Every structure is written in C-alpha cells, then in structure tokens.
Amino acid sequence: MAAEEAPAEIPAEGEEGAENTEVVLPPPCMDLTDFPPKIDFFDNMVAIDDKAEKIDGANNFRQVSGFPVFGTGQTTEEGFLKVLDKVKALHAEEGSEKLLWLNMRREPVVYLNGKPFAPRNPEDLHRNLDISFSTEELDNLETHYTNILKTQAEKEKSIKTFRDQAFAENPMDREAVEDVIKVESIKGLGEIYANLKENGFPNLTTFRIPITEERSAGEACFDMMIEALKNEPASTPCIFSDQMGRGRTTSGMVTACLIKEIQITSELRKMEDIDLVSKSTVDDLIHQKFEGVLPKCQDDDDPFIKGEFDVIKELLEKVPATVEGKRKIDHIIDMCGPVPKGTGLQNLRECIIETKWKYDVATEDKQVAWKALILNFMERYFYLICFATYALEHGPGGYQKAFTSWMDDHKELRTMIEEGKDKLEWYRTVDAAKLEHLKDLINAPNYKENLGVLIRTIYDFAFVTYADLPRGAIKNNSMRRLAATTLMEILPPDIAERVNKKLEEDPSNSHDFLSLVGLVSYYGSGEDH
C-alpha cells in the first residue's frame, strides 16, 4: 500500500517542477460536479467521555490505553497540527520521530476555510458516498473535486453547502440544513498533508484505507493496514481518522492494537527461546500488558453482548482456531470501546445487539435502516474475528501470507457470513396464552371493575416480552409501546372503533398506554359520547 502523495498539481515549494509546470490529471472515476459539499461537523458530534481530554478542532480524540494508537474525527486544518503536536509530545521519550496517519475514509475530503467537507449525492445527503475505486482513483477524484469547488468559488465567490442539524445514528433521522459560505480558502487533503510535512512533521507518513461508513473493512483493506504497520516498530504512533472518528476509526484502532500486540509478544517469545528471559517472566509480562482484567459491566453475561450470535457460533464450531481469535479480538474491542472498559466511542461487538434493541422499538419505516446497520455490524465483527485468527497464525512470521490469500483458503467463510448475518429474531414472539388471557379479561362484562388488574397484566406481559433488554430508556419505551399495541389489539371491535375514531379526530394527542386506558374506560361504557 503506497502512502498518500500530495496532489501532483500542487508541488511543494522549491521542489523540481514547482515552476511553470501544469500537470494534466487523469479523468475522474466519477463526475462530482453536481455533488454539494457537506461539512463533517454537526451538533452533538462529540461522543467521547466527558472526562476525556479534548483537543480543539479534533472531535473525539482519544488514545487506547497502553498503545501508541490514537483516533479522531476529521480534524480542522489547525486540528491536524494540534493532534500531531500532542502525539509527538506523548511519545518523545520513545525516540520515535515517525508518525503514521491512516485516513479511513473512502469519500473525498476538501477543506473550505480550514474546515473539512465531503461531497454528498444530491439525492441522498444523509450518507457518505458508497463508492468502490482504487486508492489512486480516489486520490485523483479528491483533487478533481477540489478543483470543481475552486471553479465554483471563483465564479460565485461563495459555495452552497449542507450540514446535519445534529447526530442521528439512523440516517432516516438526520436533517440536512443548507448554508451559503463565503470562500476564503480551498485546499485538498493532499495539500494539507504536504503543508504538515513542511511545517514541523517531515516524518509524517499518510495512508488512505478506503472503507465505507458503518461497514466492515474489506479484505484488501486489512492487508493495506498490515503493509502500513508490519515493518514499523511497535512504538511508532499511528493515528486513525474518519468523519466522526467512530466505526471506521475504531476498526483501524482495533486492527493496529492487534498488530502491535503480536509484534511485542513475538519479540518476547524470541527472547524466551534464547533463554534471555524465563518463560514465566514472559507470560507475566504478556498477561499484564495485554490480558489484564477489564472493569465488569452489568450486562457482560448476556450472550448477545458477548457476541454469541448464530453465525458467530457457527464460525467457532467449524473453524476451531477462531475461538482464540474471538477471545483476543474481544479484549481489544473492549479496550477500544467506551468507558469503563475503554476510552472510545463504539464497542464493535456490543453495538450489534444494541442496534437490534433500537430496531425492536422503531417504526416499520425506520426499521429498514436499523436492519441494514445490524447486518453491516455483524459482518464487521465476523471479519474482525477472522482477521484476528489469521494474524495470530501469520503475524509472528511477518505476515508472509496476505489476509486475502488466507480468506481464499477459507472461502467458505465468505458464504457463511453472507448467508448467516441475518439469522436473528427480527420479530418479537409473544406468549400466545397470555395474550388470550388478556382478551378474556377485557371481554368480561365487568372488565372496567378489573381495569387495574388488566393494566398490571399488560405491563407484566410487556416486561416478560422484553426481559432480555437491559434497564434504561430503550427497555422502558419498548414496554410502553408494546403495552399500547397490545391494548389496541385485544379491544372488542365496538370499543376499538370508538377509540380509533377519537384518535383520528385528535392526531396530535398522545397515544401512549395510559392515554389509551383512559379512552377505553371512557368509550367502553357503551354509551354515546
């Protein structure tokens, strides 16, 4: 994987070709002329723990405990310098002058007035571009897009841009707001990198690892990360970034921590082999450094929190080596996840079931987007386990076999995840006997006298149905919604007709469970109101 170069049409000052040289770019791999720029920043973007150190212009900056591995959202132009200054200061004692910056974004990035923007499809402003091109084509596309915006700015002196009103995990909940900004400067990401190298960081090496937002890294992307890191000392700091610094950045950080851990443990084992250090000492060092017990959380024993999904269990059964791969990557995922176990934004294993909980309580139209996220997260976790298994086998020998080749040797795994990632219970099964009992209660002549019993029984019914969910807002909302739905389902036709008519007359009124109980009590008397 070649490091990213500054765009050819912006040669560094004083370099050969800097004067009177006009470079003709290859044609772009796609036409972005009509794609408006959308700023990478939005309200409530900072999702890092409140106690974490903040760097102005670098949202969600953090470091993995015990590793020279850092993550951040896309920084401002000044934020780049602040992050590099911070990382350099933290690791000055280790004598490592080299710094690696891995851009985990597939979409182009252009800086307007020092802030990062990315092109969005005018028909889908809420998602980053999902495109499949080589890194060279993407770099060229980024340069072309920079030139498109420069041309627009020269004509209009301003550019129409968009921004998200606030963060929403589900794309269907995002609201785009239009802004017109007066342009003072436009720079491509390659030009930013070139300026950094000229202004205090000549040993900065940059890479693009093209991953689509909320997706797994492709097999080739894992190989790119290996090529970027395998010949560097484990002490070399590496920084990962994407728009928010969330999923793609965390995937890179998890991968880097695994690669660096294997580098260190391999060196320790070599020292053990030549009797320089005793086996017990090496074992203790490895345990203290990489296998320490992390803080316990309330839901740690939940099978889904532990990643025990059907397709994952199938993987562990059919490829026994993945049992150790899962154990190893799970520990690193926890260290790269949120507090109290880690210092990050997203736990790449737990987010699968957490998103499933959101799917369970969402309306049908929004369930589509939640389901797509769940399938993507499942695939991402599956591939991380596969990569860990591969790395544990081939890392100590210097990765003589590529991960893509390893997957070719285990091509049945590609079919396994493709066919097995949606093996989840997409619809909540309810207790049919209890549902019939509820119908009997409400159809009884004296049901209004037993309304208290009916309400309590419906709540118990909802609680049992969502017993697997942890305490919190998602569980409470799920129970209330199911209680309301259940009540409407069991109503006798004549009462249901009156209640629905009232709801239609006042659609702004609350349709929560207690409001419905009031309507049932009022309109269920059989009298006209």
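Note: hydrogens, waters and symmetry copies are ignored here, and every other heavy atom, side chains too, is used. All figures in this text were calculated on a predicted structure; none of them were measured in a lab.
- Considering only residues two or more places apart in sequence or on other chains, Phe290 meets the ring-ring contact (aromatic ring centres under 6.0 Å, His included) condition with Phe67.
- Residues meeting the side-chain hydrogen bond (donor to acceptor under 3.5 Å, both in side chains) test with Arg163, sequence neighbours left out: Asp179.
- Electrostatic pairing of Lys356 and Asp360 counts as a salt bridge here, judged by a charged N lying under 4.0 Å from a carboxylate O.
- Scanning for side-chain contact (heavy atoms from CB on, under 4.5 Å) contacts around Asn347 gives Ile333, Asp334, Pro338, Arg349, Glu350, with sequence neighbours left out.
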Under 3.5 Å, which donor-acceptor pairs link side chains of residues 379-394 to any protein atom two or more places apart or in another chain?
{"unit_1": "Arg380", "atom_1": "NH2", "unit_2": "Gln346", "atom_2": "OE1", "d": "3.3"}
{"unit_1": "Tyr381", "atom_1": "OH", "unit_2": "Lys326", "atom_2": "NZ", "d": "3.3"}
{"unit_1": "Tyr381", "atom_1": "OH", "unit_2": "Asp330", "atom_2": "OD1", "d": "2.7"}
{"unit_1": "Tyr381", "atom_1": "OH", "unit_2": "Asp330", "atom_2": "OD2", "d": "3.4"}
{"unit_1": "Tyr383", "atom_1": "OH", "unit_2": "Glu219", "atom_2": "OE2", "d": "3.2"}
{"unit_1": "Thr389", "atom_1": "OG1", "unit_2": "Ile385", "atom_2": "O", "d": "2.8"}
{"unit_1": "Tyr390", "atom_1": "OH", "unit_2": "Lys401", "atom_2": "O", "d": "2.5"}
{"unit_1": "Tyr390", "atom_1": "OH", "unit_2": "Phe403", "atom_2": "N", "d": "3.4"}
{"unit_1": "Glu393", "atom_1": "OE1", "unit_2": "Trp406", "atom_2": "NE1", "d": "3.3"}

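- The ring-ring contact (aromatic ring centres under 6.0 Å, His included) test applied to Phe35 returns no partner, not counting sequence neighbours.
- Pro320 is linked by a side-chain contact (heavy atoms from CB on, under 4.5 Å) to nothing, counting only residues two or more places apart in sequence or in another chain.
- Residues that satisfy the side-chain contact (heavy atoms from CB on, under 4.5 Å) test with Ala483, not counting sequence neighbours, are Ile458, Phe513.
- Take Phe304 and apply the ring-ring contact (aromatic ring centres under 6.0 Å, His included) test, not counting sequence neighbours, and it matches Phe309.
- Between the side chains of Thr415 and Glu412, no donor-acceptor pair is found at a separation under 3.5 Å.
- Between the side chains of Gln74 and Asp242, no donor N or O sits under 3.5 Å from an acceptor N or O.
- Here salt bridge (Lys or Arg N to Asp or Glu O under 4.0 Å) pairs that include residues 68-79, with residues two or more places apart or in two chains, are Glu77-Lys187.
- Identified under the salt bridge (Lys or Arg N to Asp or Glu O under 4.0 Å) test for residues 252-264, with sequence neighbours left out: Glu261-Lys328.
- Using a 4.0 Å cut-off between charged side-chain N and carboxylate O, Glu213 and Arg127 make no salt bridge.
- Closest of all the heavy-atom pairs between Val311 and Met416 is CG2-O, 3.6 Å.
- Within a 6.0 Å radius of NZ in Lys341, more than 12 heavy atoms belonging to other residues, nucleotides or ligands are found.
- With respect to the salt-bridge test (charged N to carboxylate O, under 4.0 angstrom), the residues Glu314 and Lys318 qualify.
- Under the 3.5 Å distance criterion, with hydrogens and angles disregarded, a donor-acceptor pair is assigned to the side chains of Trp101 and Ser241.
- Applying the ring-ring contact (aromatic ring centres under 6.0 Å, His included) rule to Phe162 yields no partners; only residues at least two apart in sequence or on another chain are considered.
- Residue pairs satisfying the side chain to side chain donor-acceptor pair (under 3.5 Å) criterion with at least one member in residues 57-71, sequence neighbours excluded, are listed as follows: Arg62-Thr250.
- Salt bridge present: Arg105 and Asp40 bring a charged side-chain N and a carboxylate O closer than 4.0 Å.
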